[in-house]
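So the structure is just underneath, and the comments pick up after that.
As the structure is a computational prediction, the values presented were derived from the model and not from experiment. Counting starts at 1 for both ligands and their atoms, following the listed order. Atom set for the values below is all heavy atoms of this structure, side chains included, hydrogens, waters and symmetry mates excluded.
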Amino acid sequence: MRVDAAANLIGRRGGPGGRVLMLGSHTDTVEAGGRFDGIVGVVGALEVARCLNEAGVELSLPLEVVDFLCEEPTIVNLSPLGSRIMAGNLTGEHFGGAVTPFGDALTDAIDALGGDSANVEAARRSLGEIAGYLELHIEQGVVLERESLAIGVVTSIAAPCRARVSLTGVADHAGATPMNERRDGLAGAAELVLAVERIARAPDMIEEGVGTVGWLSVSPNMVNVIPGRVDLTVEVRSTDAEALAIARRSVDEELRAIADRRGLEHTVEWQHVERPVPLPEHMQGAVAQACEDLGFPVRRLPSRASHDAARLAPVAPAGMVFIRCKEGRSHCPEEWADLDDIVQGARVLGQALFRVDEMARNA
Ligand code: HGY
Ligand code: MN
Ligand code: MN
């Protein structure tokens, strides 16, 4: 067991050596989240390692099981942290004065967890070092449940792009200010919320395209004051890079038009921009073969949610095993996966690991 410089929690079996096989996910959740998103992947990976130990099975490469730090957007314009640091796409210089939701400096929090915030680059893994990374995760969608399937083979991972937006008008008396003399920041924000929904529904945003305003703050936020300023986040996602670029441009254009029409000042900063990640054919094949080995139908599907696997992809060939979850719900207390599906998912994860190990041995 060790904690790397990025405060990723890593268990390892199988002795020294450069190249490794890796299983993992995250155990942090969104606020008021569920108990399965990420957690199933870490527990499933631990169970695979435990079974290998109990069976006395040695793989051809050492195996690492990783619980990645901060997969959820906890540090709003920086997360995910652990997997991006490991892939070399986030370094200490990005941390700046970032603070956690608890008011601690991010650097202090990483150090308190056993990391080394002054030297997070030490957690970076080079291309080739990880022979294959596999992640078990709940689908966070309804495809598998609707088709009465327990297991899915992930083909690609949609990219979240997140912007921080402000709209500033004039706070004024809600009673004494005539309607045609207002510059109402919240009315403008309301138009933007609906514009984001319209953009995400547009035909050129292919079916996995989505758009959400999930966070909004009104100032001064009082019943008898016209809202002067609104801050909000816009998130758009798609598995198609071109559709994503169209959506981001449309958000910027709509925001500008709303602000001009209403006489509002506006700012928009795309703070987090990812690219869709197609998972390598051979990793999809390892998961599909594992399904066949264990008698599960092979159901390939994209992931609308993002995962550590996507952030690790620049340095590690990644594959994902999905299990169905109740009504596709996630990021809410109602999130649920049946124990039997979790067990089957862990079995497929273990079998896919054998397949990846076999490929590594014969490479
Ligand atoms: O937002 C996501 O897709 C992930 O759950 N953090
Ligand atoms: Mn999540
Ligand atoms: Mn997750």
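For the Mn ion (ligand 3), the count of nearby protein N/O/S atoms, taking only those under 2.8 Å, is 3.
At a threshold of 4.5 Å between non-hydrogen side-chain atoms, the residues Trp215 and Asp231 count as touching. The shortest distance between side-chain heavy atoms of Leu279 and Gln284 falls below 4.5 Å.
No more than 12 heavy atoms of other residues, nucleotides or ligands lie within 6.0 Å of CZ in Arg201, so this atom counts as exposed by the packing criterion.
Residues in residues 82-102 take part in these side chain to side chain donor-acceptor pair (under 3.5 Å) pairs, two or more places apart or across chains: Ser83-Asp308, Thr91-His94. Applying the side chain to side chain donor-acceptor pair (under 3.5 Å) definition to pairs two or more places apart or across chains, those involving residues 183-198 are Glu191-Arg261, Glu191-Arg262, Arg198-Glu254.
A salt bridge does not link Glu147 to Arg324: none of the charged side-chain nitrogens sits closer than 4.0 Å to a carboxylate oxygen.
In this model, no donor atom of one side chain and acceptor atom of the other lie less than 3.5 Å apart for His272 and Glu235.
Residues Val356 and Val66 are members of separate hydrophobic clusters, defined by side-chain heavy-atom contacts under 4.5 angstrom among Ile, Leu, Val, Met, Phe, Trp and Tyr.
Ring orientation note: the planes of His137 and His26 are tilted relative to one another, at an angle of 30° to 60°.
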Short N or O contacts of ligand 1 with protein, under 3.5 Å, listed by atom name?
unit_1	atom_1	unit_2	atom_2	d
ligand 1	1 (O)	Arg162	NH2	3.4
ligand 1	1 (O)	Arg237	NH2	2.7
ligand 1	3 (O)	Arg237	NH1	2.7
ligand 1	3 (O)	Arg237	NH2	3.3
ligand 1	3 (O)	Ser306	N	2.7
ligand 1	5 (O)	His331	NE2	3.0
ligand 1	6 (N)	Glu71	OE1	3.0
ligand 1	6 (N)	Glu71	OE2	3.1
ligand 1	6 (N)	Glu72	OE1	2.8

